[in-house]
Structures are given as C-alpha cells and as structure tokens.
Trainee: 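Please find one structure pasted underneath; my questions will follow.
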Amino acid sequence: MTAFTVTLVLVVAAVGLLRWRRPAWYWLTFGVLLAVVRVLVRYGSVMDACGLTVPPARWRLALARATNRPLPESRSPRILRLRPTRTGLVLRLKLRPGQDAFDIAAASDRLRHSFSMYGVTSRELRSGLVEVRMTGYDVLKRVQMLAETDTRPMRVPVALRQDGSVHYRDYRAIPHALTLGATESGKSVYQRNLVAGLAPMDVALVGIDCKQGVELFPLTRRFSALADDPDTAAELLDALVVRMERNYQLIRAQQRIAADVPDAEIAADIWDLPTDLRPVPVVVLVDEVAELALYANKEQEKRRDRIITALVRLAQLGRAAGIYLEICGQRFGSELGKGITMLRAQLTGRTAHRVNDETSANMAFGDIVPDAVLAAIQIPAEQRGLAIAGDSSGGWHRIRAPHTSLRQAVNICNRHAERTPDLPELAPYRPALSGPADAPLRPTESSPATA
C-alpha cells in the first residue's frame with residue numbers, strides 16, 4: 001500500500017509539473033480525456049444553468065398528461081459531434097426550435113467556467129447549427145504554429161488565434177489591411193512573419209520605410225523596390241500607379257468578351273488572365289504611415305498630398321490589378337490630415353496590437369467592430385505580439401504571431417532571393433545589393449506591351 005501511495009503521489013506531482021511547464025503536452029496526455037468526461041457528464045446541468053434549454057414540445061406534455069407519466073424535462077442543444085484537437089475541443093451543436101446562435105455566444109464565458117476550460121468561442125455554421133470551440137490552455141502564451149497549414153497563393157499563415165486555429169493573411173479575400181500598435185507592441189515581428197511567409201511565393205515585395213530603412217533594408221534581397229524617405233516614397237507610389245494602369249490595359253486587351261468565349265473565361269482582374277500573361281502581384285508594405293503624412297512647410301504639404309492621393313488610388317483600384325497594401329503605424333486618425341479617413345475606409349483588414357489610448361483602438365475598430373475596442377485596450381504591455389484582428393464583417397479574434405527574429409527573417413529572404421522579380425516600372429527604386437558576383441539571376445517580368 002505504501003508503494004502504491006508513493007507512486008500515486010509521484011504521478012500526481014508529474015502531472016502537475018507537466019501542466020505548469022508544458023501545458024500542451026499535459027493537454028495531449030491527460031487534459032483532453034478529463035475535458036471530454038467533464039463536458040459529457042456536466043452537459044445537461046450546465047446548459048440548464050446557463051439558460052440554454054427550451055421547454056418540451058406541447059405534444060410531449062399532452063402525451064405525458066394523457067398517460068399519467070412524469071412531465072418531460074427541458075431539452076438542451078443536441079451534440080452532433082465532439083472532436084478533440086491539439087489545443088482543445090470542438091463541439092457541433094444542433095439548436096432546438098426557438099434558440100439562436102447569439103444565445104450560445106452570450107453564454108460563452110459561463111460555459112468556460114462551467115466546463116473548466118481556458119476559452120470558449122462559438123460561430124454559426126448555418127441555420128440551426130453552431131460550432132463551439134474550447135481551448136484547454138493558453139495557446140498564446142507560447143505560440144507554436146501548426147506543422148501543416150492551408151497555404152495557398154497570396155494566403156499566408158501569420159499568427160495563432162486564441163481558439164487554437166491559424167490566422168491567415170489572405171490577400172485575395174482581404175486585399176488591403178491596416179496594422180496599428182504602440183512602440184514595442186509587436187508590429188515589427190508581425191511584419192517579419194508576413195514577409196517571411198510571402199518570400200517563397202511568386203510575388204513582388206515593395207517596401208516604404210521612412211526610418212531610413214532600418215526595418216526593411218535587412219530584408220532587401222527579397223524586395224523589388226524600397227523607399228527610405230518621403231521623397232522617394234512619393235516617386236515610388238507614382239510608379240505603382242503607372243503599373244496599375246498598365247495592368248488594367250493588359251486586362252482590357254485580354255478580356256475575351258467575344259460571343260464564342262464562355263462567360264467563365266472573361267477576365268476582370270489579373271487572376272483571370274492566362275498564367276503566361278498574368279503580371280506578378282505586388283504587396284506594398286508601409287512601415288510607418290505617419291511619416292508620409294506629416295509636413296512642416298508648403299513643399300512638404302504638396303508632397304504629402306501627392307503621397308496620400310496615390311495611396312488612396314491604389315487602395316480603391318489596386319485589387320484587380322494585383323496591388324495590395326499593408327499599412328502599419330502607431331496612429332491612423334484624422335489628425336494626419338485630409339484623405340486619411342478616406343484611405344482608412346478602404347483598408348478592410350484591421351489588426352491592433354497594444355495601444356496607448358482608447359482613441360487609437362477606435363481608429364482601428366470603431367467603425368467596423370466596436371466590440372473589439374475594449375479588447376484592444378486591455379492588452380498587457382508584457383505580452384508583446386498579442387493583437388486583435390478584425391475585418392469589416394464584424395468578427396474579431398485575439399491573435400499572437402510567433403517570435404521571428406530579424407536574423408531568421410533575413411535568412412528566409414536570402415534563401416528565396418531568386419524569386420524577386422525585376423519590375424520595369426520599379427527598376428529605379430530597386431535597392432542596391434551587396435553579395436557574391438555569382439549570385440543567382442532574378443526573373444524579369446515582361447511589360448504588358450510586350451506580353
């Protein structure tokens with residue numbers, strides 16, 4: 001008996017240590033089984049306590065009275081599937097008549113406490129069907145991206161969500177995005193993950209870093225163009241507008257709208273063009289947008305208006321031409337001058353790291369996801385990289401990008417340097433490279449006229 005007691009104490013101590021030091025390992029070994037048992041045993045009583053049950057149907061009550069049987073109990077949403085995952089549990093619930101998906105969402109915090117889980121989120125799959133995702137531990141404390149991700153062209157896994165799923169930056173679905181955050185909040189790491197994810201793809205990267213290029217210049221081998229001051233940025237943006245217009249001319253020439261061509265083959269953007277004619281898509285990364293909008297005299301004001309006008313044109317018209325904007329900054333409000341709010345309205349994706357005041361959070365989410373404003377201002381300063389991501393659909397998620405050092409990002413960019421295309425319109429702004437003379441040659445894209 002003494003040996004059994006000692007063994008039991010050692011096992012309990014090992015489990016406690018594993019839960020403290022390696023929560024992911026604890027979840028995969030012990031936590032998932034305990035959580036499944038806990039959910040199945042407590043499900044009925046928890047649903048009743050949270051007000052997620054409905055009275056029995058009238059015909060059931062009438063039948064019980066007619067046969068002198070006990071009255072049937074209230075009914076909970078039916079569990080269609082219970083699936084364990086690497087980070088938690090996924091429940092698929094069939095709602096009863098009279099219930100709404102909002103009822104499940106409103107009770108998510110009570111469900112979290114009742115089932116002893118770290119987090120609970122829900123989403124409606126279709127009418128009457130709700131998916132509830134539960135996380136067994138804090139997956140954002142030590143971010144570990146999944147080994148296998150659903151990577152597609154122009155779709156980059158950049159962070160991990162609080163529910164354990166991967167957060168993607170999909171340029172085909174959300175062409176332009178805004179990233180806000182105070183100093184030392186994690187914007188640079190988020191941007192490095194974005195560049196590292198785009199580096200292996202057939203895409204041209206264009207950088208605008210008015211801090212003398214200190215953030216983006218180390219990654220220069222993977223950039224087709226780079227501007228490190230506002231004057232060069234204005235010229236570079238004008239060149240991008242010229243490229244956009246040429247791409248539209250190419251699309252117009254290749255639309256194939258003859259009567260004998262099926263409707264599905266009519267081109268409306270670069271992705272409808274044949275592969276051999278399709279221009280290379282361009283992602284424009286602006287590191288600090290405020291440096292482009294501030295001015296001190298009349299000449300700088302003219303330059304500023306020129307820059308903002310070009311950015312607005314690219315945001316409004318660039319998607320079909322394959323030009324996508326990724327704008328970063330500490331603030332992005334009307335105090336930056338005219339045209340800023342018009343530009344912000346075109347930026348569908350919003351990501352806010354830790355901000356210093358509620359006004360900055362309102363700049364990101366006040367016009368699309370008001371519920372995310374409170375979550376953005378509650379991010380603690382010691383959790384760098386933690387952010388709130390939302391879009392114009394009204395949904396938002398708490399995310400955190402894995403830490404990627406500048407050295408790691410540089411190595412990835414150097415490894416894929418041969419994928420950097422030489423774009424004719426942006427050739428004057430191609431950063432000077434230093435390296436061995438036998439470095440691999442980069443492909444040169446044909447201009448629309450020759451294509």
Side-chain angles (χ1 to χ4, degrees), residues 15 19 23-24 26-140 160-165 369-372 374-375 378 388 390 393-398:
V15 171
R19 185 175 184 179
Y26 165 80
W27 174 257
L28 293 176
T29 52
F30 301 99
V32 62
L33 180 60
L34 296 176
V36 169
V37 173
R38 193 162 51 239
V39 169
L40 294 179
V41 171
R42 299 180 183 177
Y43 181 75
S45 59
V46 167
M47 290 292 143
D48 188 30
C50 293
L52 298 177
T53 58
V54 296
R58 292 183 179 180
W59 67 270
R60 289 179 178 271
L61 294 174
L63 182 62
R65 293 191 184 101
T67 57
N68 289 326
R69 294 181 178 180
L71 296 179
E73 298 179 352
S74 299
R75 296 179 297 168
S76 305
R78 185 157 53 97
I79 299 179
L80 298 181
R81 187 173 67 179
L82 175 59
R83 178 171 59 90
T85 66
R86 188 178 69 94
T87 58
L89 300 176
V90 178
L91 277 74
R92 184 165 292 184
L93 305 179
K94 176 65 176 178
L95 299 183
R96 301 291 184 178
Q99 290 184 324
D100 185 76
F102 178 76
D103 300 334
I104 306 293
S108 60
D109 199 50
R110 285 175 287 173
L111 295 176
R112 177 174 67 89
H113 289 289
S114 301
F115 291 132
S116 301
M117 304 296 285
Y118 183 81
V120 175
T121 59
S122 66
R123 66 187 182 99
E124 182 179 356
L125 299 179
R126 63 174 184 268
S127 178
L129 195 63
V130 174
E131 182 183 80
V132 179
R133 300 185 68 95
M134 303 180 179
T135 50
Y137 59 96
D138 186 3
V139 298
L140 301 184
L160 197 66
R161 292 180 178 176
Q162 190 178 19
D163 60 4
S165 60
V369 197
D371 294 341
L374 182 61
Q378 291 178 341
I388 306 298
S393 65
W396 62 276
H397 306 275
R398 186 175 282 106

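Position 1 is the first residue of the sequence; numbering continues from there. These values consider heavy atoms only, across backbone and side chains, with no hydrogens, waters or symmetry-generated copies.
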Trainee: Going from CZ on Arg110 to CG on Leu52, what distance comes out if it is rounded to the nearest 0.5 angstrom?
Mentor: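 One gets 6.5 Å once the value is rounded to the nearest 0.5 Å.
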
Trainee: List for me each residue that meets side-chain hydrogen bond (donor to acceptor under 3.5 Å, both in side chains) alongside Ser165, sequence neighbours excluded, and say none if there are none.
Mentor: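 Residues passing side-chain hydrogen bond (donor to acceptor under 3.5 Å, both in side chains) with Ser165: Asp163.
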
Trainee: In a table with atom names and distances, give each donor-acceptor pair under 3.5 Å that connects a side chain of residues 26-38 to protein atoms at least two apart or in another chain.
Mentor:
unit_1	atom_1	unit_2	atom_2	d
Trp27	NE1	Thr85	O	3.2
Thr29	OG1	Trp25	O	2.8
Thr29	OG1	Tyr26	O	3.2
Arg38	NE	Phe115	O	2.8

Trainee: Can you tell me how far apart CD (Gln162) and OG1 (Thr135) are? Round to the nearest 0.5 Å.
Mentor: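 Result: 6.0 Å between the selected atoms.
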
Trainee: Any non-hydrogen side-chain atom of Ile79 less than 4.5 Å from a side-chain atom of Leu93?
Mentor: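 A side-chain contact under 4.5 Å exists here.
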
Trainee: Less than 3.5 Å apart, which donor and acceptor atoms pair up between the side chains of residues 42-49 and the rest of the protein, not counting sequence neighbours?
Mentor:
unit_1	atom_1	unit_2	atom_2	d
Arg42	NH1	Ser114	O	2.6
Tyr43	OH	Pro77	O	2.4
Ser45	OG	Arg42	O	3.1

Trainee: Can you sort out the partners of Arg69 under side-chain contact (heavy atoms from CB on, under 4.5 Å), two or more places apart, ordered by chain and number?
Mentor: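 side-chain contact (heavy atoms from CB on, under 4.5 Å) check on Arg69 returns Thr67.
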
Trainee: Write down the atom of Val54, the atom of Gln99, and the distance for their closest heavy-atom approach.
Mentor: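 Distance-wise, the nearest heavy atoms are CG1-CG, 3.5 Å.
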
Trainee: Which pair of non-hydrogen atoms, one from Thr87 and one from Gly164, has the smallest distance, and what is that distance?
Mentor: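 The pair with the smallest heavy-atom distance is OG1-CA, 3.5 Å.
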
Trainee: Using the salt bridge (Lys or Arg N to Asp or Glu O under 4.0 Å) criterion, which residues pair with Arg112? Sequence neighbours excluded.
Mentor: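 Once residues adjacent in sequence are excluded, the partners of Arg112 under the salt bridge (Lys or Arg N to Asp or Glu O under 4.0 Å) criterion are Asp109.
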
Trainee: Please report the interatomic distance CZ(Arg133) to CZ(Arg92), rounded to the nearest 0.5 Å.
Mentor: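 Those atoms lie 10.5 Å apart.
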
Trainee: Say you draw a straight line from CD of Gln378 to CZ of Arg398; how long is it, rounded to the nearest 0.5 Å?
Mentor: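 So the gap between those two atoms works out to 7.5 Å.
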
Trainee: Could you list the donor-acceptor pairs under 3.5 angstrom formed by side chains in residues 117-130, with sequence neighbours left out?
Mentor:
unit_1	atom_1	unit_2	atom_2	d
Tyr118	OH	Asp138	OD2	3.3
Arg123	NE	Glu131	OE1	3.0
Arg123	NH2	Glu131	OE1	3.3

Trainee: What's the separation between atom OG in Ser76 and atom NZ in Lys94, rounded to the nearest 0.5 Å?
Mentor: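 Ser76 atom OG to Lys94 atom NZ measures 15.5 Å (nearest 0.5 Å).
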
Trainee: Walk me through it: do Leu82 and Leu40 pass the test side-chain contact (heavy atoms from CB on, under 4.5 Å)?
Mentor: CA-CA 9 Å; Leu82 175 59; Leu40 294 179; 3.9 Å; yes

